[in-house]
Each structure stands twice: as C-alpha cells, then as structure tokens.
Amino acid sequence: MELEHLNEFLVLAERKSYAQSAEELFISQSALSKHIAAMETKLGVRLFHRDSRSVQLTKYGELLVPYARNATAEWSAFRGALDEALRADQGGLRVGAAEGLRELGLTRRIAGFIAENHGLSIELMPVDDRSRRDALLTGRLDLAFALESAPTAADEFARAGAAVDRIVAVLPERHPLACRGSVSLAELAEEPLLPIQPERFLSRFVRNIFRRAGVVPRFLPPQSSGIGAPELAAGGVGAALELESIAAETRCPGAVVVPLSVPERVWLNLLWLPDRLPPTGKAFVACIRGAK
C-alpha cells in the first residue's frame with residue numbers, strides 16, 4: 001500500500017470532507033476518491049461511510065488510524081535520518097525550490113553564492129506546500145523557498161524575504177479589458193477564467209482573494225496539457241491570473257498583461273529552523289537577504 005495514500009487517508013479522516021482534503025493535499029477530489037477506493041479494495045473493507053452531507057470513519061477506518069500515523073511517522077523519521085547521513089558524507093546544502101526562483105533572479109544569485117564558496121554543493125529540490133514543512137522538520141531540507149501570502153508567519157520557522165511578486169491578469173489583446181490600466185476581481189469574475197493546476201500555490205491564493213472580494217469566479221474546465229495560460233489567453237480561450245514574473249517571462253504575441261486594480265502581493269520567502277541551520281546555511285541566508 002502506498003504511504004502517500006495512508007497520508008491522504010489520515011487527512012480525510014481528520015477533515016471529513018473530500019473537497020477540503022483534496023484542497024489541502026493539492027490533488028483533485030476524483031484522485032483522492034480513487035486512492036481511498038483502492039485502499040478499501042486492497043484491504044477488503046470500507047474505511048469510510050459516505051453520504052451527500054458527510055464522510056465518517058467506519059470501525060475499520062478507526063482501527064487503521066493509529067497504524068497509519070505510526071507508519072507515516074516512522075517513514076518520515078527514516079527519511080530524515082537517511083538524508084542527514086548522506087549530507088554528513090557529501091556536505092553542502094539541500095534547499096527546497098519554489099515557483100518563481102528563476103523568473104525573479106534567485107537562481108543567478110544562488111549560482112553566484114556557489115562560485116563565491118568555491119563550488120559548495122547546493123541541491124535545489126522540488127517541494128510542494130504540503131511536504132515542505134515535514135521536510136524541514138525532519139531534516140530532509142536545510143532551507144526551503146516558499147511562495148506565501150505574507151512576509152511573516154507565526155510558526156516554528158525563521159524567514160528571510162527573497163522577493164515580492166504580484167498577481168496580474170493575462171487577457172487576449174482584443175479583449176475589452178485589455179486596454180485598461182487595471183482590472184478588478186469583480187470584472188474578472190464575469191470572464192471565463194483559465195484553470196490553475198491545483199498543486200500550485202497560486203490556485204489556493206486566487207480562490208482566497210476572490211472569496212475575500214465576495215465574488216465567485218467562473219473557471220473553465222481543464223484545458224490541453226502542455227499549453228501555458230498566456231498561449232491559451234492569446235488564442236482567445238479565456239483570461240488567466242498569473243504571477244507577474246512568470247507572465248512577463250512567458251509573454252507571447254496576442255496576450256496582454258494587466259495589473260489588478262487592488263494589488264495582490266505574493267512573497268517569496270526562505271524558511272529554516274533557527275536551531276538547526278549549519279554555518280553554510282547562515283551564509284546562504286545572508287546571500288539571499290542581499291539579493292533584494
């Protein structure tokens with residue numbers, strides 16, 4: 001049985017909602033439902049009672065919970081111990097990557113840091129929002145970049161601001177709103193909006209800003225994979241919301257980037273545990289702080 005599916009089971013057991021659990025896990029509801037069904041088929045028992053209003057654990061699901069917690073905790077502890085042993089042998093830093101590093105100029109800064117430190121090894125590792133915290137706590141990562149909705153947060157991590165980005169609209173150049181100096185969320189809610197991959201930070205952030213504005217967006221069904229939002233917008237498929245750095249990098253003929261009338265900023269922060277940062281990590285933090 002996949003350990004990842006055990007983690008999904010635990011999230012669903014706590015949230016008791018496929019919609020909320022899928023959002024937290026950055027997967028689709030259909031994928032979550034398929035994974036739970038596969039677990040039930042393999043075990044030969046129902047883990048959840050489901051109806052139109054609620055999701056509740058069966059007695060077999062209740063029985064699985066402590067074992068699932070132990071299994072995922074033991075695996076996480078092993079991964080942390082293994083990674084620490086490898087780092088002790090190999091040296092260097094392991095840093096969680098995030099969207100926007102290259103577009104905001106951070107990869108050039110990191111390359112300069114490596115050159116200044118005589119080729120110190122830095123491994124940039126892809127990591128998503130739901131696994132970043134665990135990777136930092138268990139030592140699989142020394143530091144991690146993260147897109148966040150604020151420059152600070154009340155949690156166990158220290159932060160250094162690496163860059164600030166903002167959300168912009170990407171529109172077909174012949175769209176009536178394309179010639180405007182700015183566009184509001186209420187105006188965009190009237191437009192067919194291109195979907196955002198659920199695993200991206202931007203997906204949750206955009207839903208939240210629409211919710212705060214009190215408007216309901218009209219997202220289109222998923223479009224063809226491998227085609228970016230600027231290209232789809234240029235082709236007249238719909239409007240899109242994107243990070244300004246990425247929209248500028250992928251700008252294409254036929255698409256226009258328009259700022260939001262009420263700016264929505266996003267912070268690219270560097271996170272670490274204060275009591276577990278090696279000297280090379282402290283030098284890395286100082287380098288990133290100086291990059292702004």
Side-chain angles (χ1 to χ4, degrees), residues 23 26 97-109 128-129 145-153 159-224 227-270 288-289 291-292:
E23 182 174 345
F26 293 95
E99 283 188 87
L101 278 185
R102 181 176 61 83
E103 292 84 359
L104 290 166
L106 271 297
T107 51
R108 291 195 301 273
R109 188 71 180 182
D128 58 29
D129 283 5
F145 289 98
L147 286 172
E148 298 186 301
S149 56
T152 60
R159 283 170 171 75
V164 181
D165 209 343
R166 63 176 180 169
I167 308 301
V168 295
V170 183
L171 301 164
E173 64 181 358
R174 295 190 178 182
H175 193 283
L177 297 175
C179 61
R180 299 269 298 276
S182 63
V183 61
S184 71
L185 290 175
E187 290 170 316
L188 289 172
E190 299 298 320
E191 302 296 324
L193 291 174
L194 295 168
I196 304 170
Q197 293 120 327
E199 68 272 13
R200 292 185 65 192
F201 163 85
L202 188 65
S203 175
R204 183 175 55 182
F205 186 84
V206 164
R207 286 197 297 271
N208 286 338
I209 63 175
F210 272 115
R211 192 177 300 122
R212 291 201 311 268
V215 293
V216 179
R218 185 160 59 94
F219 282 107
L220 293 167
Q223 306 300 310
S224 301
I227 304 177
E231 289 86 354
L232 290 169
V237 177
L241 286 167
E242 185 55 272
L243 296 170
E244 184 176 31
S245 60
I246 293 177
E249 181 79 8
T250 57
R251 189 189 297 266
C252 63
V256 176
V257 174
V258 181
L260 297 182
S261 54
V262 178
E264 292 287 350
R265 294 189 294 172
V266 174
W267 281 261
L268 180 64
N269 294 328
L270 181 62
I288 295 304
R289 279 195 170 119
K292 294 182 290 181

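Numbering starts at 1 and runs along the sequence shown.
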field: Residues I167, L243; criterion side-chain contact (heavy atoms from CB on, under 4.5 Å); working and verdict
entry: CA-CA 5 Å; I167 308 301; L243 296 170; 3.7 Å; yes
Between [X] and [Y], is any pair of side-chain heavy atoms under 4.5 Å apart?
X	Y	answer
V183	L260	yes
L101	L268	yes
F145	L104	no
D129	R204	yes
E148	N269	yes
L177	V258	no
F205	L147	no

Just how far is it from atom [atom1] of [X] to atom [atom2] of [Y], taken to the nearest 0.5 Å?
X	Y	atom1	atom2	result
I196	L202	CD1	CG	4.0 Å
E199	D128	CD	CG	8.5 Å
L241	S203	CG	OG	11.0 Å
R218	F210	CZ	CZ	11.5 Å

Check [X] against [Y] and note the closest heavy-atom contact, atom names and distance.
X	Y	value
R159	P151	CD-O, 3.8 Å
P221	P195	O-CG, 3.6 Å
A213	L185	CB-CD1, 3.9 Å
A234	A255	CB-N, 3.8 Å
A240	L193	N-CD2, 4.5 Å
A239	L171	CB-CD2, 3.4 Å

field: Residues forming a side chain to side chain contact (heavy atoms under 4.5 Å, CB included) with A247, sequence neighbours excluded
entry: V168, V170, E242, V257
query: Under 6.0 Å from the CZ atom of R108, do we count more than 12 heavy atoms belonging to anything else shown?
result: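 For R108, atom CZ is not crowded (no more than 12 foreign heavy atoms under 6.0 Å).
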message: With salt bridge (Lys or Arg N to Asp or Glu O under 4.0 Å) as the rule and sequence neighbours excluded, what pairs involving residues 176-191 come up?
response: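 Every salt bridge (Lys or Arg N to Asp or Glu O under 4.0 Å) pair that includes a residue of residues 176-191, provided the two are not neighbours, is R180-E187.
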